[in-house]
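Here the structure is laid out as structure tokens; the discussion comes afterwards.
All values below come from the heavy atoms of this structure, side chains included, with hydrogens, waters and symmetry mates left out. Treat the numbers as computed from the prediction; the structure is a model and nothing was measured. Here is the naming used below: chain letters follow the sequence lines, and residue numbers restart at 1 for every chain.
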Number of protein chains: 2
Amino acid sequence: MGQVELDTSVGYLLKMASSALHNAMEAVLRPLGMTITHYSCLELLSQRPGLSNSELARGTFVTRQSMNVLLQALERDGLVTRPERAPSGRVLPTTLTEAGRRQLASASSAVRAVEETMLSGMSPDEQNQMRRLLRSCVDELIR
Amino acid sequence: MGQVELDTSVGYLLKMASSALHNAMEAVLRPLGMTITHYSCLELLSQRPGLSNSELARGTFVTRQSMNVLLQALERDGLVTRPERAPSGRVLPTTLTEAGRRQLASASSAVRAVEETMLSGMSPDEQNQMRRLLRSCVDELIR
DNA sequence: AAGAGTATGTCAGGATACTGACATGGGTCA
DNA sequence: TGACCCATGTCAGTATCCTGACATACTCTT
């Protein structure tokens with residue numbers, strides 16, 4: 001009858017894996033007082049300093065309104081800084097503070113351990129294969 | 001400095017793919033007046049009739065409280081039925097009505113098209129490889 | 001047989017993210 | 001240059017999902 005067949009559906013398996021990873025990350029970040037979006041924002045800023053609110057939102061898969069609320073909290077807690085006035089246009093480039101880098105360091109190792117657990121059943125070749133296949137999924141859906 | 005490297009992180013790519021699929025499914029289900037959880041619940045019931053509220057919640061990756069709210073709406077709209085009293089224990093087995101089956105049929109083809117788009121860049125062998133790798137991720141994280 | 005432990009359905013309250021809307025700044029094209 | 005279009009930051013209101021809690025029913029162990 002042309003159904004989706006949950007057991008063999010790549011979409012369902014993708015959701016299963018994503019959900020399992022989400023739960024595992026939540027579990028290791030909670031003791032550190034961080035949420036996944038909180039951590040993702042810091043990680044993104046560490047690798048691409050000066051990102052704007054909207055760019056951070058896209059990189060962490062939330063709306064720019066949600067990211068704005070988070071950034072205000074992070075700024076209040078002294079983890080990130082934003083200039084008072086925009087250097088150009090309305091874009092406010094955000095950077096990590098020293099405290100932000102310290103908090104990221106502890107979280108980053110915990111998250112890395114989770115990812116290594118997730119990949120522990122695959123050979124390096126299979127891991128590369130997986131990266132390639134996931135990128136293909138994204139490319140076709142974005143098209 | 002041992003960071004996560006977003007560009008090559010399998011976890012990040014997994015989130016990207018999952019998010020892209022989520023958006024694509026939302027886009028095709030919205031015109032039909034359905035959410036993803038709504039559709040997933042119907043699809044699950046179609047393949048495994050008689051599932052309980054808690055089982056449906058686990059299968060759609062939400063809490064049983066959220067699924068309970070959804071089931072009450074689906075029951076009100078005549079898409080599913082639950083017995084007045086539990087045949088055994090507290091478990092209320094849920095089944096699709098004819099109207100539920102009709103609604104699922106239209107959604108199912110739309111969702112199948114999205115999944116085919118997502119897989120359109122892979123050979124059948126690669127699709128099987130992907131299923132195997134995703135299952136491995138889940139298995140290692142559940143452990 | 002009885003108690004502990006576990007799973008279920010459901011209610012209430014709170015946290016989180018999203019949609020809608022607005023003003024502002026830049027880029028493009030006629 | 002000016003009109004149009006698009007992106008950004010931000011405010012408010014809403015929707016959605018989750019956490020906490022409780023009563024009930026089954027299972028397993030002693």
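- Under the salt bridge (charged side-chain N to carboxylate O under 4.0 Å, His left out) criterion, no residue pair touches residues 11-24 of chain B, with sequence neighbours excluded.
- Bounding nucleotides for the chain A contact on DNA chain D, 5' to 3', at a heavy-atom distance below 4.0 Å, are D:dT8 to D:dC11.
- Helix-axis bend for the helix from C:dA1-D:dT30 to C:dA30-D:dT1: the local axis fitted to the five terminal pairs at one end deviates from that at the other end by 40°, rounded to 10°.
- The ring pair (Phe, Tyr, Trp, His ring centres under 6.0 Å) pairs that include a residue from residues 57-92 of chain A are A:Phe61-B:Tyr12, where partners are two or more places apart or lie in different chains.
- Under a 3.5 Å cut-off, the side chain of B:Glu140 and the backbone N or O of B:Cys137 do not form any donor-acceptor pair.
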request  = Check the pair B:Thr8, B:Leu13 against side-chain contact (heavy atoms from CB on, under 4.5 Å), reporting the backbone distance first and the verdict last.
outcome  = CA-CA 8 Å; B:Thr8 59; B:Leu13 288 168; over 6 Å; no
Would you tabulate the pairs of protein nitrogen or oxygen atoms and nucleotide nitrogen or oxygen atoms of nucleotides 3-5 of chain C closer than 3.5 angstrom?
none

request  = Any chance you could lay out the side-chain hydrogen bond (donor to acceptor under 3.5 Å, both in side chains) test for A:His38 and A:Glu43, step after step, and finish with the verdict?
outcome  = CA-CA 9 Å; A:His38 178 143; A:Glu43 185 74 53; over 6 Å; no
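- Within 4.0 Å of A:Ser88, counting heavy atoms only, lies no atom of the nucleic acid at all.
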inquiry  = For B:Ser120 and B:Thr117: C-alpha separation, side-chain torsions, deciding distance, then whether side-chain hydrogen bond (donor to acceptor under 3.5 Å, both in side chains) applies.
reply    = CA-CA 5 Å; B:Ser120 60; B:Thr117 297; 5.8 Å; no
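- Under the side chain to side chain contact (heavy atoms under 4.5 Å, CB included) criterion, B:Glu116 pairs with B:Arg112, sequence neighbours left out.
- For A:Thr81, the side-chain hydrogen bond (donor to acceptor under 3.5 Å, both in side chains) test picks out A:Thr95, with sequence neighbours left out.
- Remark: B:Ala113 engages no residue in a side chain to side chain contact (heavy atoms under 4.5 Å, CB included) (not counting sequence neighbours).
- Look at B:Glu55 and B:Arg48 and you find no salt bridge, because none of the NZ, NE, NH1 or NH2 atoms lies under 4.0 Å from a carboxylate O.
- Listed pair B:Arg82 / C:dT8 fails the phosphate criterion, with no side-chain N or O lying under 4.0 Å from OP1 or OP2.
- Between the CZ atom of B:Arg30 and the P atom of C:dC18 there is a distance of 13 Å, given to the nearest Å.
- Residues from residues 63-76 of chain A that place a heavy atom under 4.0 Å from any atom of DNA chain C, listed by number: A:Thr63, A:Arg64, A:Gln65, A:Ser66.
- Here B:Gln127 pairs with B:Leu119, B:Met122, B:Arg131 under the side chain to side chain contact (heavy atoms under 4.5 Å, CB included) rule; sequence neighbours left out.
- At the heavy-atom level, B:Thr35 lies nowhere under 4.0 Å from the strands shown.
- On a pure distance criterion of 3.5 Å, no polar donor-acceptor pair joins the side chain of B:Arg90 and the base of C:dA7.
- Applying the salt bridge (charged side-chain N to carboxylate O under 4.0 Å, His left out) rule to pairs touching residues 57-84 of chain B yields B:Glu75-B:Arg82, sequence neighbours excluded.
- B:His22 pairs by the side chain to side chain contact (heavy atoms under 4.5 Å, CB included) definition with B:Glu26, B:Ile36, not counting sequence neighbours.
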